[in-house]
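Remember, it's 1-based here, ligands and their atoms both numbered in the order they're listed. Positions are given from 1, in the same order as the sequence printed here. Because the structure is predicted, anything quoted here is derived from the model rather than measured.
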Amino acid sequence: MNYNIAVIEGDGIGPEITREAIKVLDAVGKKFGHTFSYTHVLMGGCAIDAHGTALPQSTTDVCLASDSVLLGAIGGPQWDDLPGNQRPETGLLALRRAMGCFANIRPAKLWQPLKIACPLRTDIAEKGIDMLIVRELTGGIYFGDRGRDENGAYDTKRYSEHEVRRIAKIGFDMARLRGKKLHSIDKANVLESCRLWREVVADVAKDYPDVDYQDMLVDNTAMQLVKSPYMFDVILAPNMFGDILSDEAGAVTGSLGMLASASIGETKCGLYEPSHGSAPRMAGLNKANPLATILSAAMMLQYSFGLQAEAQAVEDAVLHCLETGVRTYDIVGDTGVTPVGTREMGDAVAAAVLA
Ligand code: IPM
Ligand code: MG
């Protein structure tokens, strides 16, 4: 079967990490008899430079006409002085919205061979960390009214019942497929939109009596993530809380360089991107860890194409590389091994897929 994938390399390390994910997808195609065709399009800073806008219409059109979208990362200091509504990030937000990708799925687990890279005390790491962040992606404060007036500046956080209900359902469905435990994150002691969030999630929970569900305030969650991360299974969070907690979860499990993500929603066509940024200072140095992007491509195989065995093959290949000591600089810890570069990591994973 042939799958059409739109590829947005983006800025900074984006082109390097997407290249490695494509290498791994091609290895999967070879092994399992699929073909993947790629259409490269621009979004982010590079699109601003080439077309004067972070998300050209042609990019949206190609993405919507594809089976799925693979994205590297966007942004960089050269676009920092642009007005807020013209920054590279606006392209990403608009694309998520245009594609209807309201659910961002971010698995954060401590890979067995990477315990050494975990910054937490050994007795905590020993208990195992394996959670899934389900982040609402197309609503909340990211998309509310914002601006400046004579008094200052404002951003608005607004959620409709419908937006909360549909993301909560995804959270509970995912919990059912995993450890049957869900923490719903809010700041309901202060924010009205969070009180609605809590009410609606509690209502959805009634349809999932088999899932152990609990509300948790976001500040407490930030603390529990470092104190007892082993207690979490599915974390359901509004847009910005999910953004913040996923970086924390990435750090707790060793490196943000391992944190994949899938943005899915109304159709099978999802947006797959690492949870980390474009690391401009590392661009072109063959240093970045491509595993978050490679694992995002594995999520594409699973969620957009329904290719479970293929997705598992990529995960197994990554595990094999980590077990045999193939490490980029961010996950080398004090193993004493010499870190490999972006390209070499991609080569190693692709070879392990084919082995
Ligand atoms: C992420 C990123 C983005 C976000 C930025 C680049 C707009 O931090 O995907 O986590 O905040 O969603
Ligand atoms: Mg983020």
Side-chain angles (χ1 to χ4, degrees), residues 8-14 17-18 21 42-48 53-55 59 63 69-80 82-108 131-144 146 155 157 159 163 167 185 218 221-222 225 235-253 255-265 270-283 288-289 291-293 295-297 299-300:
I8 300 172
E9 294 185 347
D11 311 312
I13 57 171
I17 55 180
T18 39
L42 298 180
M43 192 269 285
C46 54
I48 293 174
T53 169
L55 181 64
T59 294
C63 290
V69 181
L70 178 70
L71 167 63
I74 51 129
Q78 61 270 57
W79 302 286
D80 271 351
L82 287 175
N85 60 1
Q86 290 169 31
R87 293 178 57 96
E89 290 81 1
T90 59
L92 178 57
L93 300 191
L95 182 63
R96 286 172 175 170
R97 199 117 207 240
M99 291 179 64
C101 293
F102 64 85
N104 183 224
I105 316 289
R106 297 184 160 176
M131 60 193 145
L132 188 75
I133 297 181
V134 176
R135 167 189 175 196
E136 199 291 322
L137 201 61
T138 52
I141 199 163
Y142 272 54
F143 290 90
R146 73 180 98 255
D155 297 273
K157 180 171 175 185
Y159 267 118
E163 286 172 317
I167 190 70
I185 313 308
V218 64
T221 312
L225 266 177
I235 293 183
L236 171 69
N239 205 340
M240 189 162 73
F241 296 161
D243 176 47
I244 297 168
L245 294 175
S246 55
D247 269 37
E248 189 183 358
V252 160
T253 48
S255 170
L256 205 45
M258 298 295 298
L259 206 65
S261 96
S263 303
I264 54 175
L271 179 61
Y272 298 84
E273 51 168 320
S275 301
H276 59 70
S278 61
R281 272 177 308 174
M282 227 187 279
N289 184 352
L291 290 180
T293 318
L295 290 166
S296 303
M299 293 182 85
M300 171 189 295

Within the structure provided, determine whether [X] and [Y] are in side-chain contact (heavy-atom separation under 4.5 Å).
X      : Y      : answer
Thr90  : Leu55  : no
Ile8   : Leu95  : yes
Leu259 : His276 : no

Please report which non-hydrogen protein atom sits nearest to [atom], along with the residue it belongs to and the distance in Å to one decimal place.
atom                    : value
atom 7 (C) of ligand 1  : Glu89 CG, 3.8 Å
atom 1 (C) of ligand 1  : Arg106 NH2, 3.3 Å
atom 2 (C) of ligand 1  : Asp243 OD1, 4.0 Å
atom 11 (O) of ligand 1 : Tyr142 OH, 2.5 Å

In terms of atom number and element, which parts of ligand 1 are under 4.0 angstrom from non-hydrogen atoms of Arg135?
1 (C), 4 (C), 9 (O), 10 (O), 11 (O), 12 (O)

Rounded distance [0.5 Å steps], [atom1] in [X] versus [atom2] in [Y]:
X      : Y      : atom1 : atom2 : result
Asn239 : Phe143 : CG    : CZ    : 6.5 Å
Phe241 : Lys157 : CZ    : NZ    : 4.0 Å
Thr18  : Glu9   : OG1   : CD    : 4.0 Å

Counting heavy atoms only, which of His276, Arg96, Glu273, Met240 is nearest atom 9 (O) of ligand 1?
Arg96

Mark yes when over 12 heavy atoms from residues, nucleotides or ligands other than Met240 sit less than 6.0 Å from its CE; otherwise mark no.
no

Hey, is CZ on Arg146 packed in by over 12 heavy atoms from elsewhere, all under 6.0 Å?
yes

Min heavy-atom dist Arg87 to ligand 1 below 4.0 Å
no

Paired with Arg106, the side chain to side chain donor-acceptor pair (under 3.5 Å) test is passed by just one of Ser263, Ser246, Ser296, namely Ser246

For the Mg ion (ligand 2), check which protein N, O or S atoms are under 2.8 Å away and list them.
Asp243 OD1

